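Bear in mind that the values here come from a model prediction, so they are computed numbers and not experimental data. Quick note on labels: first sequence line is chain A, next is B, and so on, each numbered from 1.
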Amino acid sequence: MSTTAVEARKSSSGNVSKKPKSVANKAKTAASTKRGTKPASQANTKKNNAVKEEPDKTRPAKKRKVLKADPAVDNATEVKQEELVVDGGLKADDEDIHRWWEEDPNDHSVKWETLEHNGVIFPPPYEKLPDDVKLKYDGKKVDLPVEAEEVAGFYGAMINTDHAKNPVFQANFFGDFKEVLSTSGRALISGTSKFIEIESFDKCDFSDIFAYYEDQRNAKKALPPAVKKRLKQEKDEAEEKYKTCYLDGRKQPVGNFRVEPPGLFRGRGQHPKTGKLKARVQPEQVTLNIGKDVKIPEPPAGHNWSEVRHDNTVSWLAMWKENINGNTKYVFLSQSSSLKGMSDFKKFEKARELKNHVERIRNDYRKELTDEKMQVRQRATAMYLIDRLALRAGGEKGDDEADTVGCCSLRYEHVDLQPPNLVTFDFLGKDSIRYFQQVEVDEQVFTNLQIFKKEPKGPGDDIFDRLDPSILNKHLQSYMPGLTAKVFRTYNASHTMQKQLDQIPNVGTVAEKVVAFNAANREVAILCNHQRTVAKSHEQSVAKIEERVEELVWKKYRLKKMILQLDPEKPKVLGKSYFADTKAFNKTKLKAIHKRVVEREQEKVEKKFARDNEKIKADREAGEDVKLLTKDDLKERLKVVTNLKEELQKELDTGEFEIKSSQTCEKLEAQVAKLDDRILSTRLSLKDKQDNSTVALSTSKINYIDPRLSVMFSKKFEVPLEKLFTKTLREKFAWAIHSADKDWQF
DNA sequence: GGACGAACTTAGCACCTCCGCA
DNA sequence: TGCGGAGGTGCTAAGTTCGTCC
């Protein structure tokens, strides 16, 4: 990915102009969006599907149907026990494992027969600030009604964040804060009955509130480990019953069983509503979905649920509507549940099915690039971009959302054309992540894009004005049931990973193989434009590693100088090139390195001294009869530093090195070789760090790369799966771990 | 056939934990 | 052994897709 893309990310606004509504002059001849019945293969959900379930002993064992017809899952039926050695902690012979992925996937959109759960956990009620912690307005402390104080606290706790510095965030927060203030009472000058009107954000001083919450955070951090452990245990115990549910009698983990706490909406990019008050959700707003004839969880005392449903065609356990965008929030099962595993499995099988159609689809869209009908030509061009660049479909967005686009919603200003066939894409995609790519495209694609940008179109106009995702997807369904634009992303990601893995030679250490695996993963992440913010400390830590490399090279320089000092004839034996780097340092450079090395050594001694004294202090408090270290002790310890300083100065002045009598040329050469190894590995890790600084590998690993590829790699290359999948991922992908062998192919 | 909404997947960030290095 | 930082996890925003309604 280009550096430019990264830089632009920092200011997520990018340089992309917002589409003026006046030019929303679309002649979108959208085809019918009326859809037929869901294809069986897609609407493919079923009951009795748990991964690590605790079987309900009261129920008869479920009948297990083994698939034979579907070649895609043939591997699943042929797993040998000994191949399960790297199965992520799941016992190979575990009879408790419900192997739903080996069962008949025929389905009728029923997700469960019985469902039992304990509802959701609500966030704790607001705790008032201590009396001495107040918002200051115009320099005066003010008393706020408790409702308004809570909102002020939301902002006050985060004044050190980038969000809080965003003017839109501030304006939205302040607007809602004033509204809460007007409905809940008025602000008083603290300790008086005098009202004060809060009208200007700039006159608000949240620093006391911030300091209070910061203290709370630090106090929590500083708790003794035993207390932390106890608190965690208490929390776990209180939450235990919400963490699991029973789906068709099998115990399943629940995902987000906590209702989202109130706060300020943290919209990404230039979201017009960022900073608005996200209201506290009351039980009266929450709808539960649960099986019939089971105990309905009690709402919190004095409250009622909005509704209790028994809809077994959906997988959510609870839902409510949030107040900012009117979106529905759901409580689902956890990623490691059978229900989610099943839909993951189906997603990847769908992508694999595309293999059988992709050539035909490509041939067709290549032909259609010259179609007379504009809509067909646009569709073919969009298909080309989705297939080659892994773009998202790109649905239309409203004015009350951040201005981001995907393929179908690309606008004039997002695509720059440089003849003969170079296209520059520059737009903000999902999460306002900048997509910046220069690509050489087919001549006809280039010509088409020129046509789609022709006058009278200008900035703000859609490139694909005859197209939207529903038209595109409807066309795709004619090739394969359930095929949508999104499937191409999964297909291309997994296909790329397979190709990359095929190129890795099965040699070297486990660590080397993991590096190669991650490099393959990185190719996929780059394809999908998965980025992450460069850590604030990144530059600093890179500089630190660079210094470390420089010092290693300097150490090598000294060793080689010593060899020459011991035996000036050595270049004849080892070759002149061996000593070439003894000329790499001039006096200025050496001085700088010496200074750094001496300072660090001094710092180390002083830190150790302080630490030792702290320990002694603690021992004394515990009643031990020990004396604190004195300034003289420190002086004594610092002698090592003084000696080092003198030794280096002498080297600089005379060019002569102090060599211990026990040293020999052979020993020094061995040390040089060791340093070479260290320099190489440090440089490699630095490169890895820099290559990965802006690329997020996890998103593609979690969502796009068929996990069976990773399992195959683990087994074929004898790399423990723990090196590729975290514990959570091993749980999420239990189905893949149990169904892929070393020969599995996407 | 467009608007809207439900249901689900995909996504990055923030916080926490734990491991390796000095 | 203590500390910093990498890696892991939870949270929730932001997408896609598809069905319904008018």
Nearest to the side chain of [X] - [options]?
X: A:V314; options: C:dG15, B:dA7, C:dC11; result: B:dA7
X: A:R392; options: B:dC13, B:dA11, C:dG8; result: B:dA11
X: A:S315; options: C:dT17, B:dA11, B:dC8; result: B:dC8

Quick one: [X] [atom1] to [N] [atom2], roughly how many Å, whole number?
X: A:W320; N: C:dC11; atom1: CH2; atom2: P; answer: 11 Å
X: A:H530; N: B:dG12; atom1: NE2; atom2: C1'; answer: 10 Å
X: A:E731; N: C:dT9; atom1: CD; atom2: C1'; answer: 11 Å
X: A:K329; N: B:dC8; atom1: NZ; atom2: P; answer: 16 Å
X: A:L724; N: C:dG8; atom1: CG; atom2: C1'; answer: 15 Å
X: A:K701; N: B:dT9; atom1: NZ; atom2: P; answer: 21 Å
X: A:E322; N: C:dA14; atom1: CD; atom2: C1'; answer: 11 Å
X: A:M319; N: B:dG5; atom1: CE; atom2: P; answer: 13 Å

Quiz item: Which nucleotides of nucleotides 15-22 of chain B have their base under 4.0 Å from a protein heavy atom (B), which only their sugar-phosphate (S), and which neither (-), written as one string 5' to 3'?
Solution: -------S
Exercise. Can you label the angle between the A:F425 ring and the A:Y435 ring as parallel, tilted or perpendicular, going by 30° and 60°?
Key: perpendicular
Quiz item: Should the ring pair A:F265 and A:H271 be called parallel, tilted or perpendicular, given that the plane angle runs from 0 to 90° and is split at 30 and 60?
Solution: perpendicular
OP1, OP2 of [N] versus side-chain N and O of [X]: anything below 4.0 Å?
X: A:K347; N: B:dC8; value: no
X: A:T726; N: C:dT9; value: yes
X: A:H271; N: C:dA13; value: no
X: A:T728; N: C:dG8; value: no
X: A:T404; N: C:dG15; value: yes
X: A:K727; N: C:dG7; value: no
X: A:Q335; N: C:dG10; value: no
X: A:K321; N: B:dG5; value: no
X: A:N473; N: C:dT17; value: yes
X: A:T484; N: C:dT16; value: no
X: A:S343; N: B:dT9; value: yes

Exercise. Map A:T699 and A:F332 onto DNA chain B by nearest heavy atom, then report which one ends up closer to the 5' terminus.
Key: A:F332
Practice problem: Nearest-nucleotide wise, let me know which of A:Y704 and A:Y330 is further upstream toward the 5' end of DNA chain B. | Solution: A:Y330
Quiz item: Nearest nucleotide by nearest heavy atom, which residue falls closer to the 5' end of DNA chain C, A:F725 or A:E260?
Solution: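 Its nearest nucleotide lies further toward 5', so the answer is A:F725.
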Practice problem: Hey, which sits more toward the 5' end of DNA chain C by its nearest nucleotide, A:G267 or A:F257? | Solution: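 By nearest-heavy-atom nucleotide position, the 5'-most residue is A:F257.
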Quiz item: How about A:N172 and A:T274: does a side-chain donor come under 3.5 Å of a side-chain acceptor?
Solution: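 Result is no, nothing qualifies.
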Quiz item: C:dT16 base to A:K486 side chain: any donor-acceptor pair below 3.5 Å?
Solution: no
Quiz item: Can you check side chain to side chain donor-acceptor pair (under 3.5 Å) on A:N325 and A:D400, steps first, answer last?
Solution: CA-CA 8 Å; A:N325 301 300; A:D400 54 355; over 6 Å; no
Quiz item: Taking atom NZ of A:K243 as the centre, does the number of heavy atoms from other residues, nucleotides or ligands within less than 6.0 Å exceed 12?
Solution: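 Buried by this count: over 12 neighbours within 6.0 Å.
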Quiz item: More than 12 foreign heavy atoms under 6.0 Å from NZ of A:K373: is that the case here?
Solution: no
Practice problem: Please list all pairs passing the salt bridge (charged side-chain N to carboxylate O under 4.0 Å, His left out) test where one or both residues lie in residues 327-341 of chain A, with sequence neighbours left out. | Solution: A:E260-A:K329
Practice problem: Report the C-alpha separation of A:K701 and A:S710 in whole Å, then their side-chain angles, then the decisive distance to 0.1 Å, and conclude whether the side chain to side chain donor-acceptor pair (under 3.5 Å) test is met. | Solution: CA-CA 9 Å; A:K701 195 188 267 187; A:S710 309; over 6 Å; no
Practice problem: Verify the ring-centre separation between A:F257 and A:H117: is it less than 6.0 angstrom? | Solution: no
